[in-house]
Amino acid sequence: MGQRPVTGGPDVDLLGRLDSWEGVHAVVAGLGASGYAAADALVQVGARVTILDDGDGDLLRERAGILEVLGAEVRLGAGATATLPDDATLLVPYPGLPPRTPIVAEAVAGGVAVWSEPELAWRLRAPGAAPWLAVTGTNGKTTTVQMLASILRAAGLRAPAVGNIGVPVTEAVMDPTGYDVLAVELSSFQLHFADRIACEASAVLNVADDHLDWHGGAADYARDKGRVYEHVERACVYNTADPQTERLVREADVQEGARAIGFTLGVPSVGMLGMVDDVLADRAFVPERTTSAAELATLGDLAGPAGEPPAPHVVANALAAAALARAHGVAPVAVREGLRAYEPGAHRIQQVAEVDGVTYVDDSKATNPHAALGSLLAYPSVVWVAGGQAKGTTFDELVTRTRDRLRAAVLVGADRAVIHDALRRHAPEVPVVEVDAGKDVLMDRVVDAAAGFARAGDTVLLAPGCASLDQFTSYAERGDSFAAAVARHRATRG
């Protein structure tokens, strides 16, 4: 690819909410929720906006119509994102668009600014706007951000959960009503094209292999996760059980006075949050932290709807959320009330039925091996339902650590052979069934196969360890399909 000439016009790096964006040609690749919010914001500040999307469905046409009325140009249909307009000065790609994609590579080579939607949002913040409390990590991001938002609301703050969780950050930033603080979930995709974001406090929950096909390798993936710590004002929250998160803190360029705050499932040292018996304790944000700790909540406050104790990773997420809230100045009583009020979302270790003494659990949100491992370790005897798009990851460690609790495995999806190979190498005694069928009957056959292996006291666990887009529109549809198949199986059993 030849060198693209740098276009004229204003330097977008110097522009903010109160500046004139006249002369800027902003190109938004993708008209999903984040692209729509980005395009709308760019129109509002006066940029010339072109939106490109290879799709052409009803929702896209509806959004395109609204943006065209506002003055934007929209190009829909196959090939729309193949090339960058010649006079572009800014590209905002949708989160899943890899850096090596021609349109992105062309922008980078030609000196065109490339920003993720959250980076655009940061640059468009109004003076005195709400600070950001940000969360990233391979697993647990959504749960932690929802816990954090619940805690902040319990403290009486206007604090939405935004970002990768569903509501675009730009939408929140441009909301004229304003907020007190934002609980922001950031993915590695969003952080890759971000360099100005400066959070009040941020956390990396964990780092395990995921999206290696997008980033090109584990080191690049971890480096992008670590961007969330750059320019942090008050606290960099890390996981003491994951040394890589602490390394990312040490490597970050933070503001003067920012502190490193660890969280642990053990007894916390000074400067950490952790567990003292069944109490979530704070030895980081209390004046007398060298000799005592503040009680924030108990395991009972995190218990499930049936009173079941929380899984270890849920406790870790709660500690991370509490650390971010405490960095913002939230009182311990609000931490307890917020964690009590928190309700987990669907498809996250969600029990869907019990049939003949066998428990069926939907953790379709476990879209990588690290997440699936956490689910498997929560149950003593499991018929494991797994498979989908592995995204360049491997399953050797997962199988090695869980082989003694696997009753059997039922595998589906494009990369099921990757999992089957790991089982052959590390757990050859575990029976394996591969199910290859259309989406309309897939989960019925999966549940029938799993039920054939399961015994009373076992758990049939959908923890795929893979993405879902080879067979479903989302992990949610996959989980719903599993739950519906379990319901039909239960009905046949009377």
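The basis for the numbers below is simple: all heavy atoms, side chains too, and nothing from hydrogens, waters or symmetry mates.
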Look up atom OH in Tyr360 and atom CZ in Phe482, then write down how far apart they are to the nearest 0.5 Å.
-> 7.5 Å
Exercise: do Asn206 and Asn139 side chains pair donor with acceptor under 3.5 Å = no
What closest approach, in Å, do Val254 and Cys236 show between heavy atoms, and which atom pair accounts for it?
-> CG1-SG, 3.7 Å
Looking at Thr240, Asn239, Val315, which one forms a side-chain contact (heavy atoms from CB on, under 4.5 Å) with Leu265?
-> Val315
Can you tell me how far CG of Asp54 sits from CG of Leu31, rounded to the nearest 0.5 angstrom?
-> 11.5 Å
Carboxylate-amine/guanidinium proximity below 4.0 Å for Arg490 and Glu354 = no
Under the salt bridge (charged side-chain N to carboxylate O under 4.0 Å, His left out) rule, what do Arg455 and Asp458 come out as? Steps first, then yes or no, please.
-> CA-CA 6 Å; Arg455 303 290 181 266; Asp458 286 352; over 6 Å; no
Would Glu185 and Thr136 satisfy side-chain hydrogen bond (donor to acceptor under 3.5 Å, both in side chains), going step by step from the backbone distance to the final call?
-> CA-CA 6 Å; Glu185 177 183 332; Thr136 193; over 6 Å; no
Working for salt bridge (charged side-chain N to carboxylate O under 4.0 Å, His left out), residues Glu251 and Arg223 = CA-CA 10 Å; Glu251 294 174 353; Arg223 188 179 306 113; over 6 Å; no
Examine Arg63 relative to Tyr36 and say whether NZ or CZ is less than 6.0 Å from the centre of the six-membered ring and inside a 45° cone about the ring axis.
-> yes
Charged N-O contact under 4.0 Å between Lys439 and Glu477 | yes
Distance col, row Leu324:CG vs Ser202:OG, nearest 0.5 angstrom, shows 7.5 Å
Could you tell me whether Asp448 and Arg445 have a side-chain N and a carboxylate O separated by less than 4.0 Å?
-> no
What heavy-atom pair brings Val228 and Ala203 nearest, and what distance separates the two atoms?
-> CG1-O, 4.2 Å
Closest contact, heavy atoms only, Ala449 versus Val433 = CB-CG1, 4.4 Å
Would you mind checking if Arg196 and Glu230 are paired as a salt bridge, meaning a charged N to carboxylate O distance below 4.0 Å?
-> no
So CD of Gln351 and CG of Leu461: to nearest 0.5 Å the spacing works out to 11.5 Å
What one should report as the nearest heavy-atom pair of Ser381 and Arg407 is OG-NH2, 3.9 Å
salt_bridge(Asp436, Arg416) N-O dist < 4.0 Å | yes
Trace of the ring pair (Phe, Tyr, Trp, His ring centres under 6.0 Å) decision for Trp122 with Trp132 | CA-CA 9 Å; Trp122 181 262; Trp132 293 14; 4.9 Å; yes
Report yes or no: is the cationic atom of Arg259 (NZ for Lys, CZ for Arg) closer than 6.0 Å to the six-membered ring centre of Phe285, at no more than 45° off its axis?
-> yes
Heavy-atom pair with the smallest gap, counting every atom of Val145 and Ala183 = CG1-O, 3.7 Å
Distance col, row Leu52:CG vs Leu84:CG, nearest 0.5 angstrom, shows 8.0 Å
Rounded to the nearest 0.5 Å, how far does OG1 of Thr138 lie from CG of Leu205?
-> 9.0 Å
